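Below: one structure, written as structure tokens.
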Amino acid sequence: MMRTHYAGALRAEQIGQTVTVCGWVAHRRDHGGVVFIDLRDVEGMVQIVLDPSADGLEAAKRLRPEWVLRVTGAVRARPDGTVNLDLITGEVEIGAVVLEILAEAEPPPFPIDEREGAANVDDNLRLKYRYLDLRRPRMARNLRLRHQMVSAIRRTMDDQGFTEVETPTLTRSTPEGARDFLVPSRLQPHLFYALPQSPQLFKQLLMVAGLDRYYQVARCWRDEDLRADRQLDFTQLDLEMSFVDQDDVMTAVELAVRAGISAVRGVELSEFPRITWDEAMSRFGSDKPDMRFGMELHDVSGVFAATGFNAFKDKAVLAIGVPGRGDASRSQLDGWTDRAKALGAAGLVWMRVRGPVSGDGAPEGSVAGLESPVAKFCSADELAALRGAVGVAEGDLVLVIADADRRKAQQVLGHLRLDLGKPERIDEPLALLWVTDFPLFEAIGADGRPVPAHHPFTQAHEADWDILEADPLAVRSQAYDLVINGIELGSGSVRIHQRERQQRVLSLLGIGPELAQDRFGFLLDAFRYGAPPHAGFAFGIDRLAMVLAGETSLREVIAFPKTQSGGDPLTEAPAAVDAEQLAALSIALRPLKK
RNA sequence: GGUCCUGUGGUGCAGUUUGGAGUGCACGCCGCCCUGUCAAGGCGGAGGCCGCGGGUUCAAAUCCCGUCAGGACCGCCA
């Protein structure tokens, strides 16, 4: 047996025992006659003392940070006045009798401890030496937090009667909408597997198979550009249930998410509120609203219905009030205007609330107490009505976006709302909510076909099937998203389990019977044999862990993540392969375009 | 595909706006001293392709162009 105790787990109870611990040298403090070593292992740190008479004293003087040691000695209480309350093990120390060097170490390329000024190491360097980065408290803590969260979620799924089933990672393309990662087949040259964007079709087949309640902690792949909250490969809690409605799924998911949060935060959240997609867009300009703060959108189109101001005339005119930002500088205002334009708006109208609607106190040039470059184009009645609708007070700022396209105006203003109002911390407080009644289709594509908002297996509202072909954009779906602090955690839907309806939707999407049969005929075939009504959900394990860890990047909760350009500085993936490997796959590389 | 930020001894930064000697801070590293420290302390020392390439200039870490890498965002990701 290499050790008897974890170094970081020693407490006053062990005083008097002789123990053997193993770990890494965190610090060495050499006082000449006596040497202190902080020995770190997975549980924490403990102080090793080499007294002037100790056999290991000479060896201890050679020690450097990150050397690996095995130390045997007696746990003893620290002398009066030397207890270290900053250390959990700070009441005790080990008087070393045997000190064994298991491995020497070169100085690490960056500090392992996260003392002030050394916490922010370049991402590239951290990832190149990820095994050292993972020794640091932040990452060690995050990986454990993630495990505890997933562990609690798994227990909750088990308690609810779910069966975990693994599905293939070498499969064929699923119609999720993102680019597939392709894997060439050696046994069948010129054919390709695709890595799943989700186990969508397999879990529906498991419902046909009568499994009733399936879940999986599933690895998924999407070949799209990365973001702070998007990785090429990521993990979902994927689930599907038979003979259920939307509420049943939401309840099951909510239990799992709340258990995960409880496990790492120790808080029991109450039931998540639900709002419809239309309400989310109208009030927050986003289908994943951050509900931790107000600054809701106000539709003031009616106020300007007959305005003489052309920028507002015959447009959807939306406004938000920004509390206390009436003192924003011109360059800040210009910056937000640039942001609005970058997001596709024609411009941004700002108004400083400088005084009362009428009477004294309003500065020169203001109308209805509003100071703005465009105030002179609007009537006092219009601006007074605007103030009333937005509900601002003196010292506030009003931002107005006008656009012929109401959705675009909502989205732009929704972004500005986040830019100006989002709380600094990503994880406090926690505000989760359901967004329901997504439209079945989000737009009409360039080919004249509707574009699915979720995926083509999503059930429409029962009452809306009549207008599927006639007015597709008005069709509501039985699809629902879960949102945490303005981040989309996951989405799900009631599925179409009727073969005829499925073919209607596919045909509307321009996927004819032959193409449908070729791409997912196996699902349509399965529906011939008695498909139960079913519904499901999937949410991002990485994203939930990220928020609960208080991190703003997925990289901080993934052991070996990719950079923004999709590379791994540690393994240097992706990499070229041997000509022989390509030949075995019957693949020839074409020259890169300049 | 696009916009923006960053790149300076091993690490984290300042210096770049207004061109003038590789100047500075903290940590780390190496050596010596030191018996109660805990981010120990004291004394001494080493360490630089200012990401890379080109241009402007008498002179470039600093200005310009390109490029690479990392990051944030838009497009994309149902």
Side-chain angles (χ1 to χ4, degrees), chain A residues 26-39 45-54 57 61 64-66 78-87 89-90 93 95 106-129 132 174-179 197-198 200 220-232 234 287 335 338-339 341-344 411-412 415 418-419 438-443 445 450-458 477 479 481 488 490-493 509 538 540 552-553 555 562-565 567 569:
Chain A
H27 303 282
R28 182 201 51 157
R29 291 178 294 278
D30 184 349
H31 285 242
V34 62
V35 176
F36 300 95
I37 301 158
D38 289 337
L39 194 72
M45 252 177 2
V46 74
Q47 175 166 280
I48 311 287
V49 185
L50 287 113
D51 298 312
S53 57
L57 189 66
K61 286 177 174 297
R64 292 293 180 274
E66 302 308 316
R78 292 199 185 188
D80 285 347
T82 64
V83 168
N84 183 354
L85 295 175
D86 294 334
L87 216 55
T89 61
E93 61 190 19
E106 292 178 21
F110 52 83
I112 303 300
D113 66 359
E114 294 167 336
R115 68 179 71 178
E116 201 178 338
N120 292 330
V121 176
D122 178 70
D123 267 41
N124 204 26
L125 195 65
R126 289 178 60 196
L127 292 181
K128 183 173 178 185
Y129 298 95
L132 298 179
T174 50
E176 296 279 336
R179 264 185 296 274
Q197 297 177 31
S198 79
Q200 181 62 33
C220 307
W221 291 267
R222 293 180 190 174
D223 187 8
E224 296 292 347
D225 289 1
L226 293 90
R227 288 284 191 285
D229 63 351
R230 288 182 355 209
Q231 281 274 311
L232 298 181
F234 60 99
D287 60 4
D338 289 344
R339 168 79 163 157
K341 286 178 178 168
L343 291 165
Q411 287 166 8
V412 172
H415 268 113
L418 286 175
D419 289 347
F438 272 70
L440 192 60
F441 306 106
E442 66 183 14
V451 180
H454 189 52
H455 56 57
F457 312 110
T458 305
S477 72
D481 273 15
E488 181 190 322
S491 57
S493 62
L509 296 175
T552 54
S553 167
R555 292 185 301 276
K562 310 260 188 301
T563 66
Q564 197 164 63
S565 57

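Proteins get letters first, then strands, A, B, ... in listed order; numbering begins at 1 in each. Since the structure is predicted, the reported quantities are computational estimates derived from the model, not experimental observations.
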Query raised in the report: Can you tell me how far C1' of B/rG36 sits from CG of A/D30, to the nearest Å?
Result: 13 Å
Report task. Please state the C1' separation for the pair B/rC68 and B/rA26 - nearest whole angstrom. Result -> 30 Å
Query raised in the report: If you measure from the C1' atom in B/rA59 to the same atom in B/rA69, how many Å do you get, rounded?
Result: 30 Å
Report summary line: Shortest non-hydrogen pair, A/D481 vs A/S491, comes out as OD1-CB, 2.7 Å
**Report entry** Heavy-atom neighbours of A/K61 NZ exceed 12 at 6.0 Å
**Finding:** yes
Query raised in the report: Think A/R29 has a side-chain N or O under 4.0 angstrom from the OP1 or OP2 of B/rA40?
Result: yes
Query raised in the report: Distance check: side-chain N/O of A/R222 vs OP1/OP2 of B/rC76, anything under 4.0 Å?
Result: no
Requested in this report: Output yes when a side-chain donor or acceptor of A/R78 lies under 3.5 Å from a complementary backbone atom of A/G90, and no otherwise.
Outcome: yes
Report task. Indicate, with a heavy-atom threshold strictly under 4.0 Å, whether A/D51 touches base, sugar-phosphate, or nothing. Result -> base
Report task. Please list, chain by chain and in numerical order, all residues satisfying side-chain contact (heavy atoms from CB on, under 4.5 Å) with A/P569, sequence neighbours excluded. Result -> A/N124, A/L127, A/K128, A/T563
Query raised in the report: In whole Å, what separates the P atom of B/rG42 from that of B/rG36?
Result: 15 Å
Query - Check: B/rG12 base within 3.5 Å donor-acceptor of A/E114 side chain - result: no
Requested in this report: Keeping the roles fixed (side chain from A/R29, backbone from A/F36), state whether a donor-acceptor pair exists under 3.5 Å.
Outcome: no
Report summary line: Partner of B/rC27 under the Watson-Crick or G-U wobble criteria, both distances under 3.5 Å, comes out as B/rG10
Query raised in the report: Is it true that a side-chain atom of A/R230 and a backbone atom of A/D225 form a donor plus acceptor pair closer than 3.5 Å?
Result: yes
**Report entry** C1' gap between B/rU6 and B/rG51, integer Å
**Finding:** 11 Å
Query raised in the report: In Watson-Crick or G-U wobble terms, both distances under 3.5 Å, what is the partner of B/rA59?
Result: none
Query - P-based separation of B/rC38 from B/rA46 [nearest Å] - result: 29 Å
Query raised in the report: For the base of B/rC30, is there a side-chain donor-acceptor partner from A/R64 under 3.5 Å away?
Result: no
Requested in this report: Could you tell me which nucleotide pairs with B/rG53 by Watson-Crick or G-U wobble geometry, both distances under 3.5 Å, or answer none if nothing does?
Outcome: B/rC65
Query raised in the report: Between B/rG12, B/rC77, B/rU37, which nucleotide has the shortest distance from any of its atoms to the side chain of A/E224?
Result: B/rC77
Query raised in the report: Taking the P atom of each, how far is B/rU8 from B/rC63, in whole Å?
Result: 16 Å
Query raised in the report: If you measure from the C1' atom in B/rA60 to the same atom in B/rG55, how many Å do you get, rounded?
Result: 11 Å
Report summary line: Those residues at least two apart in sequence (or on a different chain) that pass side-chain contact (heavy atoms from CB on, under 4.5 Å) with A/P109 are A/Y129, A/L132
Requested in this report: Could you run through nucleotides 68-73 of chain B and give me one letter per nucleotide, 5' to 3': B if any protein heavy atom sits under 4.0 Å from the base, S if only the sugar-phosphate is that close, - if neither?
Outcome: -SSBBS
Report summary line: Using Watson-Crick geometry (N1-N3 plus N6-O4 or O6-N4) or G-U wobble (N1-O2, O6-N3), each under 3.5 Å, B/rG41 is paired with B/rC33
Query raised in the report: How many Å lie between CG on A/D38 and P on B/rA40, as a whole number?
Result: 7 Å
Requested in this report: Provide the distance between the two P atoms, one in B/rC74 and one in B/rG24, to the nearest whole Å.
Outcome: 43 Å
Requested in this report: Report which part of the nucleic acid A/E93 touches: base, sugar-phosphate, or nothing (heavy-atom distance under 4.0 Å, all strands).
Outcome: base
Query raised in the report: To the side chain of A/P79, which of B/rA39, B/rG36, B/rG31 is closest?
Result: B/rG36
Report task. Rounded off to whole Å, could you give me the CG-to-P distance for the A/D287 and B/rC77 pair? Result -> 14 Å
Query raised in the report: How would you list, by chain and number, every residue that makes a side-chain contact (heavy atoms from CB on, under 4.5 Å) with A/S493, sequence neighbours excluded?
Result: A/H454, A/H455, A/T458, A/A479, A/R495
Query raised in the report: Taking any strand in view, what nucleotide pairs with B/rA72 in a Watson-Crick or G-U wobble way, both distances under 3.5 Å?
Result: B/rU3
Query raised in the report: When you check the phosphate oxygens OP1 and OP2 of B/rG41, does a side-chain N or O of A/H31 lie under 4.0 Å from one of them?
Result: no
Distances under 3.5 Å between protein N/O atoms and the N/O atoms of nucleotides 4-10 of chain B, please, pair by pair.
from   : atom 1 : to     : atom 2 : distance (Å)
B/rG10 : O2'    : A/P109 : O      : 2.9

Query raised in the report: With a non-hydrogen cut-off below 4.0 angstrom, is A/P52 in contact with a base, only sugar-phosphate, or nothing?
Result: base
Requested in this report: Would you please name every residue forming a side-chain contact (heavy atoms from CB on, under 4.5 Å) with A/H415, sequence neighbours left out?
Outcome: A/R339, A/L343
Query raised in the report: Looking only at heavy atoms, what is the nearest atom pair of A/C220 and A/S198, with distance?
Result: SG-CA, 3.8 Å
Requested in this report: Report which part of the nucleic acid A/D223 touches: base, sugar-phosphate, or nothing (heavy-atom distance under 4.0 Å, all strands).
Outcome: nothing
Query raised in the report: Taking all non-hydrogen atoms of both residues, which atom of A/Q197 and which atom of A/F234 are closest, and how far apart?
Result: O-CZ, 4.2 Å
